[in-house]
Amino acid sequence: METAGIALHSIIKANKNTLRQQQQDILAVEEPLQIQLQLHTNTGRITKNIAVTMRTPGNDNELAAGFLFTEGILTNREQIASISHVHN
């Protein structure tokens with residue numbers, strides 16, 4: 001049942017009668033996403049770090065674009081030449 005957004009984890013469940021039982025639990029995965037802009041200037045390209053946000057993996061391109069719009073960094077879709085996911 002593991003996907004990019006969830007993971008199984010072994011836990012010990014206890015009740016008020018101190019009975020303990022080992023079982024699997026489903027956890028939401030959260031990972032950091034760094035959002036950067038690459039700008040073209042007269043002297044070349046500049047990469048600018050904008051933000052690091054925690055998110056459940058998936059739809060990262062849409063999340064980054066939406067973040068840039070809601071923060072007022074971008075005002076229209078034509079300002080985006082491309083979006084890419086870079087693994088470090």
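Residue numbers run from 1 in the order of the sequence given. If you're wondering where the values come from, they're calculated on a predicted model, not measured in any experiment.
Shown here for Ala64 and Ile35, the closest heavy-atom pair between the two residues is CA-CD1, 4.0 Å. The heavy-atom pair separating Ile80 from Phe69 by the smallest distance is CD1-CE1, 3.9 Å. Of all heavy-atom pairs between Asn61 and Ser84, the closest is OD1-C, 4.4 Å.
Open room surrounds CD1 on Ile12; 12 or fewer heavy atoms of other groups in view lie less than 6.0 Å from it.
Using a 4.5 Å cut-off on side-chain heavy atoms (C-beta onward), Glu31 and Arg55 make contact.
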Can you list the steps and then say if Leu37 with Leu68 is a side chain to side chain contact (heavy atoms under 4.5 Å, CB included)?
CA-CA 9 Å; Leu37 286 180; Leu68 295 171; 3.7 Å; yes
Using the rule given for side chain to side chain contact (heavy atoms under 4.5 Å, CB included), can you reason through Asp25 versus Leu8, listing the C-alpha separation, both sets of side-chain angles and the distance that settles it, and then say yes or no?
CA-CA 6 Å; Asp25 198 7; Leu8 293 176; over 6 Å; no
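Applying the under-4.5 Å side-chain rule to Ile, Leu, Val, Met, Phe, Trp and Tyr, the cluster around Leu27 consists of that residue alone.
Side-chain N or O atoms of Thr56 include one that pairs as donor or acceptor with a backbone N or O of Val29 at under 3.5 Å. A donor-acceptor distance shorter than 3.5 angstrom exists from the side chain of Asn76 to the backbone of Gln79, with no hydrogens or angles considered. Checked by atom type and distance alone, the side chain of Asn17 never pairs as donor or acceptor with a backbone atom of Leu19 at under 3.5 Å.
Linking ILVMFWY residues whenever their side-chain heavy atoms come closer than 4.5 Å, directly or via other members, places Ile83 and Ile73 in the same cluster. Residues Phe67 and Leu39 share a single hydrophobic cluster, defined by chaining ILVMFWY side chains whose heavy atoms lie under 4.5 Å apart.
His9 pairs by the ring-ring contact (aromatic ring centres under 6.0 Å, His included) definition with nothing, not counting sequence neighbours.
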Quick one: side chains of residues 44-53, donor-acceptor pairs under 3.5 Å with protein atoms, not counting sequence neighbours, listed by atom name and distance.
unit_1 : atom_1 : unit_2 : atom_2 : d
Arg45  : NH1    : Gln38  : OE1    : 3.2
Asn49  : OD1    : Gln34  : NE2    : 2.9
Asn49  : OD1    : Gln36  : NE2    : 2.6

